[in-house]
> 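Input: one structure, supplied below.
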Amino acid sequence: MKKSILLFLTLAASLMVNAQPTKRLQEQQAQKEAEKSPTAVTISDRARSQYTAQTAMPTEVQWRRDIYRELDLKKEKNAALYYPEQPLGDRVNFFTLVLNLILDGKIKAYEYRLDGNELFTPDNELDVENMLDKFYIYYTKDEKGKYKIEPTDIPSPEKYYIKESNYLDQLSNFQTRVTAICPVLMQSDFGERPTAYPMFWLNYDEISPYLGQTQVMTSSYNNTSNMSLDDYFVMRQYEGEIYKTSNLRNMPLSEYCETDEELQAERARIEKQLKDFQNGLWSEADLKEDMKAQTTDETSTKKQKEPKEPKEKKEKAPRAPRQSASGGERLSVH
């Protein structure tokens, strides 16, 4: 009897140790399959906070200007985002990386709104299936609702929009950081000039940990010249022309520059202003004087709005009679 009880307890303990919930087994199996994929990028929460070369932007700065650039992937410096066109071993291009991260639910993408500005809020999150249908990207869905796209069906954007924040911190150090990225497809109908179709906005802070684990080749002449995608953006290895700045009317340069000459001149003016700030030609004293002038204007405006106290009327003293040239008196007229 004792032997039977002992045998039963041993068998029960063995079953408890070896048994695992079906859900956990499925998760482990799915993770193994994901790790086999050449486009898979896995990262822990701890590593997510460490795999970025970009520091957070302070909440309070002395001066800030946000600009939007257009990166043409036909330019040599931007080719690192385009190649390889198809996965090559464990190497993929930037768009393939972020698209797979979106499909796996690891990062979020946000709708490209009509005003062209990014809005990283829950109500503006991208409807993935709607985006895939909109841009004619062929996909399938498994029984769990997970999207699957073959590498040959993934498009290759020819341009990217990026947003840069240029600012002077509290120590008067000039800083530039990328804050948002948008892939742009170029499509033409019936032989017409290709039209730009922005796909979605990405919050750079959300994707930078994954970019820190992805290496890209940055030179056609030295194929061992590699760096992470995060370093590529942080060190500003890209080349892009300004197409918009944050302004009160939210107008791109093309709307208020009537000719190409004016457009190029405006771009050069903005670039010079940024360079002057970076090189310290705009001194801290100038900045403080500017802020002081602004404060003075605000104070002056405020005083003008304040009701003025009525002035008391003072009685005028009677004028003394004028002396005529002959020395006689002349009565003054009141």
Side-chain angles (χ1 to χ4, degrees), residues 27 30-31 33-57 68 71 73 80-82 87 90-113 117-135 137 139 141-142 144-151 153-157 159-165 177-185 197-216 227-234 238:
E27 290 177 352
Q31 183 177 357
E33 292 178 357
E35 290 173 352
K36 294 178 182 178
S37 172
T39 62
V41 178
T42 57
I43 184 171
S44 65
D45 292 335
R46 182 177 180 182
R48 184 177 289 108
S49 64
Q50 298 175 348
Y51 274 100
T52 178
Q54 181 166 262
T55 57
M57 186 170 65
Y68 295 79
L71 275 58
L73 299 193
L81 302 175
Y82 186 82
D90 60 347
R91 290 182 56 209
V92 295
N93 60 38
F94 175 70
F95 182 74
T96 300
L97 171 68
V98 296
L99 181 61
N100 280 299
L101 290 172
I102 293 170
L103 298 179
D104 292 341
K106 295 178 180 178
I107 63 172
K108 297 183 183 301
Y110 300 87
E111 297 284 354
Y112 186 92
R113 308 189 311 165
N117 293 335
E118 71 292 345
L119 184 62
F120 301 137
T121 58
D123 59 341
N124 198 49
E125 288 183 13
L126 180 72
D127 184 328
V128 177
E129 189 163 325
N130 182 50
M131 181 272 296
L132 296 176
D133 293 335
K134 177 181 178 180
F135 293 104
I137 302 175
Y139 63 90
K141 293 174 68 175
D142 59 19
K144 297 179 182 178
K146 184 177 180 180
Y147 298 96
K148 184 178 180 181
I149 303 176
E150 295 297 327
D153 294 322
I154 297 178
S156 296
K159 292 185 178 181
Y160 284 93
Y161 294 155
I162 67 169
K163 181 183 179 181
E164 291 177 347
S165 288
R177 68 193 305 272
V178 178
T179 57
I181 301 178
C182 172
V184 181
L185 288 180
Y197 292 94
M199 300 183 71
F200 48 78
W201 280 110
L202 296 166
N203 186 339
Y204 190 84
D205 286 342
E206 293 181 10
I207 67 174
S208 60
Y210 298 97
L211 303 187
Q213 290 189 316
T214 305
Q215 297 291 311
V216 292
M227 66 170 56
S228 72
L229 271 171
D230 190 38
D231 287 332
Y232 175 83
F233 284 109
V234 172
Y238 53 84

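Since this is a predicted model, take the numbers as computed values, not measurements.
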> Do Arg177 and Asp205 pass the side-chain contact (heavy atoms from CB on, under 4.5 Å) test, and can you show the C-alpha distance, the side-chain angles, and the key distance before you say yes or no?
CA-CA 10 Å; Arg177 68 193 305 272; Asp205 286 342; 3.2 Å; yes
> Are side-chain heavy atoms of Leu97 and Leu229 found at a separation under 4.5 Å?
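Contact flag for Leu97/Leu229 side chains = yes.
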> For a quick test of reading the model, state the closest non-hydrogen atom pair linking Pro198 to Cys182 and the distance between them.
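Where Pro198 meets Cys182 most closely, the heavy atoms are CB-SG, 3.7 Å.
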> Quick check on Lys108: does its NZ atom have over 12 non-hydrogen neighbours (other residues, nucleotides or ligands) under 6.0 Å away?
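Not more than 12 within 6.0 Å, no.
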> State, with a plain yes or no, whether a side-chain heavy atom of Leu99 is found less than 4.5 Å away from one of Met199.
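No. Closest side-chain heavy atoms not under 4.5 Å.
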> Are Leu211 and Phe94 packed together at the side-chain level, in the sense that at least one heavy-atom pair is separated by less than 4.5 angstrom?
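Yes, their side chains come closer than 4.5 Å.
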> Just by modelled atom types, is the Phe120 backbone N or O under 3.5 Å from a matching donor or acceptor in the Asn124 side chain?
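Side chain of Asn124 to backbone of Phe120: no pair is present.
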> Are Thr96 and Pro151 side-chain neighbours, meaning at least one heavy-atom pair lies under 4.5 Å?
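Sidechains of Pro151 and Thr96: no contact.
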> Say whether, by atom type as modelled, one donor and one acceptor occur between the side chain of Glu111 and the main chain of Asp127 under 3.5 angstrom.
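Yes; judged by distance alone, with no hydrogens or angles, the pair exists.
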> Please verify the inter-ring angle class for Tyr204 with Phe233; under 30° counts as parallel, over 60° as perpendicular, anything in between as tilted.
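Answer is perpendicular, since the angle exceeds 60°.
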> Find the distance between CG (Leu119) and CD (Glu125) and round it off to the nearest 0.5 Å.
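Answer rounded to 0.5 Å: 10.5 Å.
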> In Å, rounded to the nearest 0.5 Å, how long is the span from CG of Leu81 to NZ of Lys159?
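So the gap between those two atoms works out to 14.5 Å.
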> Closest heavy-atom contact between Pro157 and Leu73?
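Heavy atoms of Pro157 and Leu73 come nearest at O-CD1, 3.1 Å.
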> Looking just at side-chain N and O atoms, do Tyr147 and Asn100 make a donor-acceptor pair shorter than 3.5 Å?
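Judged by distance alone, the side chains do not pair up.
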> To the nearest 0.5 Å, how far apart are CD1 in Ile137 and CG in Leu185?
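Atom-to-atom, Ile137:CD1 and Leu185:CG are 6.5 Å apart.
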> For Thr121 and Asp123, which I'm curious about, is there any donor-acceptor pair between the side chains at under 3.5 Å?
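Side chains of Thr121 and Asp123: pair found under 3.5 Å.
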> Supply the atom-to-atom distance Ile181 CD1 to Tyr161 OH, rounded to the nearest 0.5 angstrom.
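Between Ile181 CD1 and Tyr161 OH, I get 14.5 Å after rounding to 0.5 Å.
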> Nearest 0.5 Å, what's the CD1-CG distance between Ile107 and Leu101?
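One gets 4.5 Å once the value is rounded to the nearest 0.5 Å.
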> Is the gap between the ring centers of Tyr197 and Phe135 under 6.0 Å?
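Not close enough - the centres of the two rings lie 6.0 Å or further apart.
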> Would you indicate whether the side-chain heavy atoms of Pro87 and Val92 approach each other to under 4.5 Å?
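Val92 reaches Pro87 side chain to side chain.
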> Apply the test side-chain contact (heavy atoms from CB on, under 4.5 Å) to residues Ser156 and Phe95: give CA-CA distance (whole Å), side-chain angles for both, the deciding distance (0.1 Å), then the verdict.
CA-CA 7 Å; Ser156 296; Phe95 182 74; over 6 Å; no
> Taking the side chain as every heavy atom from C-beta outward, state whether Asp133 and Tyr139 have any atom pair closer than 4.5 Å.
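The answer is yes, as the side chains (C-beta and beyond) meet within the 4.5 Å cut-off.
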> Within a strict 4.5 Å, meaning less than it, do heavy atoms of the Tyr160 and Tyr238 side chains meet?
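No, side chains not in contact.
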> Which distance, rounded to the nearest 0.5 Å, do you find between the CD1 of Ile162 and the OG1 of Thr179?
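Answer rounded to 0.5 Å: 8.5 Å.
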> Can you find a pair of side-chain heavy atoms, one from Lys146 and one from Asp104, that are under 4.5 Å apart?
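Touching, per the 4.5 Å side-chain cut-off.
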> So Glu118 and Tyr68, side chain to side chain donor-acceptor pair (under 3.5 Å) or not? Walk me through it.
CA-CA 11 Å; Glu118 71 292 345; Tyr68 295 79; 3.0 Å; yes
